[in-house]
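Read the structure below first, then the notes.
Within every chain, numbering begins at 1; the chains are lettered A, B, ... in the order of the sequence lines, protein sequences first and strands thereafter.
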Amino acid sequence: MSDKQAENLYAMRHSLAHIMASAIQHLWPDVKLGVGPVVEDGFYYDVDLGDGEQLSADDFERIEAEMQKIIKAAEPFERLEMPVGEAVAWAKKYSQPYKEELLNDLQRSGTTVAKDLDSAELGLAAEGDSKVEKVSFYRNGDFTDLCRGPHVESTGKVGAFKLMRVAGAYWRGKENNPQMQRVYGVAFATPKELRQYLDMLEEAKKRDHRKLGQELDLYVMSELVGSGLPIFTPRGTVLREELAAFSNELRQRYDFQKVWTPHITKKDLYEKSGHWAKFGDELFLVKSQETSDELVMKPMNCPHHTRIYASQPRSYRDLPIRYLETTTDYRDEKTGELGGLNRVRSLTQDDSHVFCRHDQIETEIDQLLACADELYATVGMKLRVRLSYRDESDAYLGDKNLWESAQKQLKAAVVANELDYFEQEGEAAFYGPKIDFMATDAIGREHQVATVQLDFVQPERFGLEYAAEDGSQGQPVMIHCALLGSIERFLSVYIEHTGGKFPIWTAPEQIRLISVNQEPETLAFVDSVVQQAKKLRLRVMVDNSNESVGKKIRNAEIWKVPYTVVLGEKEIAGGEVTPRVRGDMVVKEPPRSYTVDEFLKTVANEAKSRVSKTSL
RNA sequence: GCCAUCUUAGCUCAGUUGGUAGAGCAGCGCAUUCGUAACGCGCAGGUCAGGAGUUCGAAUCUCCUAGAUGGCUCCA
């Protein structure tokens with residue numbers, strides 16, 4: 001899309017927000033309007049119908065019909081400006097208290113907007129940081145709204161749209177503000193693009209990891225266990241363990257050592273690290289019935305790893321020291337935030353911590369970037385990174401100058417590795433800046449996955465030291481890294497990315513053997529193949545049920561098994577098999593026969609080399 | 001945590017204005033012994049999420065609780 005097209009699409013979406021607000025105002029004349037910005041794929045408008053009246057999806061048809069009327073009328077968008085004071089009077093006159101509040105803030109702060117407001121998002125009027133004197137309005141037909149534009153020429157030129165959903169949203173995103181109703185719409189320049197977008201949503205629905213998780217028997221939830229606490233079945237556990245093993249293997253190439261830490265600890269550990277002050281209300285508390293100890297479930301692992309480091313005097317020669325632990329943490333997330341595997345209360349991290357000297361930071365980060373690169377190339381997801389910096393708030397610990405240099409070092413590493421990156425303030429951890437990896441899945445959605453974090457704060461708080469070359473005491477730097485992130489979240493992404501069609505190396509079931517009949521000779525032959533496969537550590541399952549071959553093939557397809565092999569008289573006689581290959585893996589046609597040994601060894605090699613296509 | 005919607009058999013879903021629950025698949029049994037996406041017949045399976053209320057009568061109406069979904073807020 002050219003810049004010009006993008007601008008035009010933006011104006012269309014923005015104009016649609018106005019048209020929707022206008023339509024809602026026609027239908028509910030007393031509506032109080034909030035803000036109506038453009039968002040990814042569309043727009044929304046926050047409205048308050050008053051008296052607690054609620055919109056529902058059932059109202060969309062009426063609203064859309066009213067919007068179509070406005071569109072048909074092709075009302076021109078007119079821009080008008082007025083001094084802020086006059087604008088406040090306007091808001092009062094039309095009893096628009098939310099607009100009035102925005103305008104008052106605008107006037108009072110003297111700059112574009114109060115700090116918590118993003119003028120672009122709010123569609124606000126002023127530009128630059130200079131004192132605001134005038135604000136702009138846009139008018140179409142009988143509807144006028146505070147807005148900085150731009151808009152399309154007339155309501156007739158807004159492309160194709162669809163109202164999608166309505167949801168509660170706090171006024172200005174503040175939890176204690178009144179809750180308004182946010183009506184979302186998607187919009188595109190042409191009906192065809194809208195269609196494509198809706199098709200993508202359909203596809204996403206088909207791939208939903210919660211749906212596939214059930215269909216493919218990967219994990220279950222139980223009300224007896226609690227929300228946000230997924231339980232992994234044998235199949236799901238294979239996925240978890242294969243992925244974790246790969247993540248570990250990558251780092252073990254760089255001499256990371258596995259460690260192990262308990263899941264509960266005294267809260268003193270987190271008071272020292274600084275986590276208690278920041279996340280105390282999201283920790284699970286554990287009470288000892290024996291002593292007066294107040295324990296907590298660990299929400300992360302870095303403070304534990306500092307205990308291993310600190311357990312011995314360290315020399316500059318010992319560094320870097322690299323610990324690796326794949327372990328489960330527990331966080332008491334708010335119930336409304338839980339969903340599938342994406343956000344859980346028991347999350348497993350493939351966590352690692354490097355303790356190193358300042359002059360080793362660059363090499364260490366390079367190695368971790370290489371690990372992330374290889375992992376995501378293997379699973380077939382494109383990466384870009386977000387450099388997550390601090391902002392000016394007081395949410396961060398440690399010396400500001402150290403932060404500055406840490407942020408610079410992260411950026412330098414990212415640039416040196418020629419990674420596609422963007423920078424964002426306010427996304428850092430409280431103890432240091434991060435490189436956050438964003439992976440794009442098979443249907444174009446981006447997810448946050450791996451992370452590399454630089455930390456000067458915890459070494460200081462824990463008083464970590466090493467004996468430097470000149471005999472003085474140096475302080476190591478910590479580099480946190482998780483390649484998969486949370487394994488649960490990664491799985492949700494991975495399941496949707498693959499659509500449940502897992503490559504050989506992660507497939508819970510790699511080969512399904514189907515017996516043509518239940519004669520003893522057939523079953524014996526099937527069993528001999530199973531024994532050979534097991535020797536090669538292949539995950540093989542047998543379907544010798546009393547069903548038709550067609551039915552059994554169908555089942556194997558439904559379970560998305562990579563290789564399905566029918567075994568009967570022909571195979572027994574010839575000792576050769578003709579594997580049926582799952583559609584997405586095929587690179588060449590037609591299939592041919594292989595000796596059982598040749599077939600199994602090929603599959604074992606594919607698993608070992610983590611390929612996604614078949615070499616058969 | 002907040003707002004909205006939802007919860008009927010293992011799964012996917014029917015269930016008309018309140019009159020006491022139904023299908024397909026899966027499961028089990030019988031029959032069949034089958035060649036690359038569904039053979040047939042039969043059987044069993046539900047405190048309609050849980051609780052309280054309104055009513056002669058509640059899957060259906062009201063309230064509470066739990067869980068799920070979509071958002072908001074948050075994410076070490």
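At a cut-off of 3.5 angstrom, the base of B:rG35 holds at least one donor-acceptor pair with the side chain of A:E571. The base of B:rG1 sits with one of its N or O atoms less than 3.5 Å from a complementary donor or acceptor on the side chain of A:Y170.
Nucleotide B:rG40 forms a Watson-Crick or G-U wobble pair with B:rC30, both donor-acceptor distances falling under 3.5 Å. In this structure, B:rU7 and B:rA66 make a Watson-Crick or G-U wobble pair, each of the two defining distances being under 3.5 angstrom. Applying the Watson-Crick and G-U wobble criteria (two distances, each under 3.5 Å), B:rA14 pairs with nothing in any strand. With a 3.5 Å ceiling on both atom-pair distances, the Watson-Crick or G-U wobble partner of B:rC56 is B:rG19. The partner of B:rG35, taking Watson-Crick or G-U wobble pairs whose two distances both stay under 3.5 Å, does not exist in any strand shown.
Residue contacts shown for A:V516 include a base, since a base heavy atom lies under 4.0 Å away. Among the heavy atoms of the strands lying under 4.0 Å from A:Q453 are primed sugar atoms or P, OP1, OP2 only; no base atom is included. Within 4.0 Å of A:E519, counting heavy atoms only, lie sugar-phosphate atoms of the nucleic acid but no base atom. When heavy atoms are screened at a 4.0 angstrom cut-off, A:G340 is found touching the sugar-phosphate backbone but no base atom. Nucleic acid contact for A:K570: base, since at least one base atom lies under 4.0 Å from a heavy atom of the residue. Within 4.0 Å (heavy atoms only), A:K278 reaches no atom of the nucleic acid at all. The residue A:G336 sits close to a base: some heavy atom pair falls under 4.0 Å. Using a 4.0 Å heavy-atom distance criterion, A:R165 is classed as a sugar-phosphate-only contact. A:E557 comes within 4.0 angstrom of a base, heavy atoms only.
Atom OG1 of A:T326 is separated from atom CD1 of A:I487 by 5.5 Å, given to the nearest 0.5 angstrom.
Spacing between atom CG of A:L567 and atom P of B:rC34 amounts to 15 Å, rounded to whole angstrom units. Protein atom NZ of A:K552 is 12 Å distant from nucleotide atom C1' of B:rU32, rounded to whole Å.
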- Item | Audit row: A:Y309, A:F462, ring-ring contact (aromatic ring centres under 6.0 Å, His included) steps and yes/no | CA-CA 10 Å; A:Y309 179 90; A:F462 282 107; over 10 Å; no
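Taking atom C1' in both B:rA26 and B:rG67, one finds a spacing of 24 Å when rounded to whole Å. The separation of B:rA59 from B:rU47, taken at their C1' atoms, amounts to 12 Å, rounded to a whole angstrom. The same atom, P, is picked in B:rU20 and in B:rC11; the two are 26 Å apart, to the nearest Å.
Of the candidates B:rC75, B:rA66, B:rU36, the closest approach to any side-chain atom of A:R331 belongs to B:rC75. When the nucleotides B:rG70, B:rU36, B:rC75 are ranked by their closest atom to the side chain of A:I553, B:rU36 comes out on top. Closest to the A:E547 side chain, of the nucleotides B:rG71, B:rC75, B:rC39, is B:rC39. Comparing B:rU36, B:rU33, B:rU32 against the side chain of A:Q518 picks out B:rU33 as the nearest. The side chain of A:Y431 approaches B:rA76 more closely than any other nucleotide in the set B:rU36, B:rU33, B:rA76. Of the candidate nucleotides B:rA37, B:rA76, B:rU32, B:rA76 has the atom lying nearest to any side-chain atom of A:E282. Which of B:rC39, B:rU36, B:rG70 sits closest to the side chain of A:K551 comes down to B:rC39.
Listed for the A:D350 side chain is a donor-acceptor partner under 3.5 Å among the backbone atoms of A:L484.
Salt-bridge check for A:R62 with A:D59: passed, with a basic side-chain N closer than 4.0 Å to an acidic carboxylate O. Remark: A:R554 does not engage A:E557 in a salt bridge, criterion side-chain N to carboxylate O under 4.0 Å. At a threshold of 4.0 Å, the pair A:E509-A:R582 does not count as salt-bridged, since none of the basic side-chain nitrogens sits closer than that to a carboxylate oxygen. Under a 4.0 Å N-O distance rule, the pair A:E392/A:K400 qualifies as a salt bridge.
Contact annotation: A:Y184 side-chain N/O to B:rC72 OP1/OP2 distance is under 4.0 Å. Listed pair A:R345 / B:rC74 fails the phosphate criterion, with no side-chain N or O lying under 4.0 Å from OP1 or OP2. Regarding contacts with the backbone of B:rU69, a side-chain N or O of A:R210 is found under 4.0 angstrom from either OP1 or OP2. Within the structure, every side-chain polar atom (N or O) of A:R343 is placed at least 4.0 Å from both OP1 and OP2 of B:rC74.
Residues A:S548 and A:N517 each lie close to RNA chain B; by heavy-atom proximity, the contact nearer the 5' end of the strand is made by A:N517.
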